[in-house]
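Have a look at the structure below before the remarks.
Side chains included, hydrogens not; waters and symmetry mates left out as well; all remaining heavy atoms used.
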Protein chains: 2
Amino acid sequence: MTARVDMAIPVQERLLAAASRLFAERGFAPTSVQDIVELAGVTKGAMYHYYSSKDDLLQQIYTRLLSVQQERLAEIAEGPLPVAERLREAAADVVVSTLENLDDAMVSFRSIHMLPPDRQAQVRADRRRYHERFRALIEEGQAAGVFRDDLAADLVTHQFFGGVHHLGSWYRVDGALTPQAIGGSFAELLLRSLQPI
Amino acid sequence: MTARVDMAIPVQERLLAAASRLFAERGFAPTSVQDIVELAGVTKGAMYHYYSSKDDLLQQIYTRLLSVQQERLAEIAEGPLPVAERLREAAADVVVSTLENLDDAMVSFRSIHMLPPDRQAQVRADRRRYHERFRALIEEGQAAGVFRDDLAADLVTHQFFGGVHHLGSWYRVDGALTPQAIGGSFAELLLRSLQPI
DNA sequence: GTCACGATACCGACTAGTAGGTATGTCGAC
DNA sequence: GTCGACATACCTACTAGTCGGTATCGTGAC
């Protein structure tokens, strides 16, 4: 089982990648630390050298993804384009970045409740900030009159991110649709649904 | 811990309700059979008398929800209304029925991969049929020219059900929004995004 | 009416195995 | 010689599921 491991990649990264893969495939609880270290081609000693616990691995996965997405959203949201175009770009981008980090994303979306309550709270707070930044774009467009305002921005955001969270349960890497195509379609759906009456 | 249990409700139902609650809250794997029987106010003997395994409980929860939703969708889809109205009703209804069975729904959406592969396949097949029935409504509308047809019906369906699956992570029973209001808004978003250009 | 008797409903102690985590050992670089 | 980077051996807690047993119920004979 330790055969096909690329030993050039640092042990820390191999462990995190292995954990992400297995957590995404089977879920957090049913994946044993033993499974992870075998896939990474090391032993438990190595894992507990770099990470303090199984929970720690989960949190690192979560943090890694969210920091990437938060950065990209901030850059787009603060850009110079009109609000409708910024929202379109932000929507398409979160789809693409989710699909490009699908293991991490699936784990993040499905396994938060496996963290101890305090870690969980922090994670939720981070995600909430992300959600609010996105929602603010919609509200900005509503205030400017370019989006219909008879639908709560919060609800629209939840509905949209639901679609994003759900990507992992149907997207196939070898399928016909590229991440960019899906992102474009999702963004179009969102923009269209916000078009004033 | 066996204090607040309504002993009038049959043991089988109490067990299923307890399992659904706990699986929804903590996930399948981290919930022990002991937790379930304590919440239901019985012992393991009772549980293994009515159910063959922990997996069996999960499958019963799944089946219970899907059969309800499948029936309701079929009734609506075969109704006499114009296709746009049938889609609106179906969309709103799945939101309402999901929120009315939120524990079951969360478990179904999050814990399929905990079932043994053969059970899992059957469950996926059932869900796929549901998905396809819904998608057929969209395709019918596209063929009739009342929906735009430059977006794949499959993609639209996935995006919409993503929003439905995600309901459990933000909906609060004591919140301001009723299930009907949310269903109405979701349906409006969907219909709007399908409006011809 | 009551008694025998078989079935159903349920109890709770037990087991075999697995899990996360730790303690200690090895070894090469500097 | 000591420090980082791992390996190996092991501990303890906990889990799903089993099993022998009991209590209650339904029912038919008399």
Side-chain angles (χ1 to χ4, degrees), chain A residues 1-3 5-23 25-62 107 111 113-120, chain B residues 1-3 5-23 25-62 107 111 113-120:
Chain A
M1 286 302 121
T2 70
V5 181
D6 183 352
M7 293 305 187
I9 300 172
V11 170
Q12 300 182 46
E13 288 177 33
R14 264 152 52 199
L15 281 165
L16 213 55
S20 188
R21 268 270 301 281
L22 294 175
F23 291 167
E25 272 173 25
R26 318 176 189 173
F28 177 77
T31 300
S32 73
V33 172
Q34 195 60 38
D35 293 337
I36 297 169
V37 299
E38 275 172 20
L39 183 58
V42 292
T43 61
K44 282 172 74 169
M47 192 243 132
Y48 280 96
H49 179 71
Y50 290 109
Y51 300 96
S52 64
S53 67
K54 194 184 168 190
D55 285 347
D56 191 23
L57 276 171
L58 183 56
Q59 175 132 8
Q60 299 285 344
I61 290 168
Y62 179 83
V107 174
S111 302
H113 60 293
M114 296 289 141
L115 286 172
D118 51 331
R119 301 267 189 198
Q120 207 174 125
Chain B
M1 288 305 120
T2 71
V5 181
D6 184 352
M7 293 305 187
I9 300 172
V11 170
Q12 301 183 45
E13 289 178 33
R14 262 152 53 200
L15 280 165
L16 212 55
S20 188
R21 268 271 301 280
L22 294 176
F23 291 166
E25 272 174 23
R26 316 176 190 172
F28 177 77
T31 300
S32 72
V33 173
Q34 195 60 39
D35 293 337
I36 296 169
V37 299
E38 275 173 20
L39 183 58
V42 293
T43 63
K44 284 175 75 168
M47 192 245 132
Y48 281 96
H49 178 72
Y50 289 110
Y51 301 95
S52 64
S53 66
K54 195 182 165 190
D55 285 347
D56 191 23
L57 276 171
L58 183 55
Q59 176 132 8
Q60 299 286 344
I61 290 168
Y62 179 83
V107 174
S111 302
H113 58 293
M114 297 289 139
L115 286 172
D118 52 331
R119 301 266 188 201
Q120 209 173 124

CD/A:Gln120 to CG/A:Asp55 distance, rounded to the nearest 0.5 angstrom?
10.5 Å

A:Asp56 CG to C:dT22 P, in whole Å, measures 12 Å

Does A:His49 have a side-chain nitrogen or oxygen under 4.0 Å from the phosphate oxygens OP1 or OP2 of D:dA5?
yes

Could I get a table of every N or O pair under 3.5 Å where one atom is in the protein and the other is in nucleotides 15-20 of chain D?
| residue | atom | partner | partner atom | Å |
| --- | --- | --- | --- | --- |
| D:dA16 | OP1 | B:Thr31 | O | 3.3 |
| D:dA16 | OP1 | B:Lys54 | NZ | 2.8 |
| D:dA16 | OP2 | B:Val33 | N | 2.9 |
| D:dA16 | N7 | B:Lys44 | NZ | 3.2 |
| D:dG17 | OP2 | B:Tyr48 | OH | 2.8 |
| D:dG17 | OP2 | B:Lys54 | N | 3.1 |
| D:dG17 | N7 | B:Lys44 | NZ | 2.4 |
| D:dG17 | O6 | B:Lys44 | NZ | 2.7 |

Which nucleotide, C:dC10, D:dA5, D:dA7, lies nearest any side-chain atom of A:Tyr50?
D:dA5

Residues B:Asp56 and B:Ser53: side-chain donor-acceptor under 3.5 angstrom:
no

What are the two closest non-hydrogen atoms of A:Met114 and A:Ala29, and how far apart are they?
SD-CB, 4.5 Å

Give the minimum heavy-atom separation between B:Ile36 and B:Leu57, together with the two atoms involved.
CD1-CD1, 4.0 Å

Taking CD from A:Glu38 and P from C:dG20, how many angstroms apart are they, rounded to a whole number?
12 Å

Under the side-chain contact (heavy atoms from CB on, under 4.5 Å) criterion, do A:Tyr48 and A:Val33 qualify, and how do the steps go?
CA-CA 10 Å; A:Tyr48 280 96; A:Val33 172; 3.9 Å; yes

How long is the straight-line distance from NZ of B:Lys54 back to CG of B:Leu115, given to the nearest 0.5 Å?
11.5 Å

What integer distance in Å separates A:Ile36:CD1 from C:dT18:P?
17 Å

Can you tell me the distance, in whole Å, between the CE atom of B:Met47 and the C1' atom of C:dG12?
16 Å

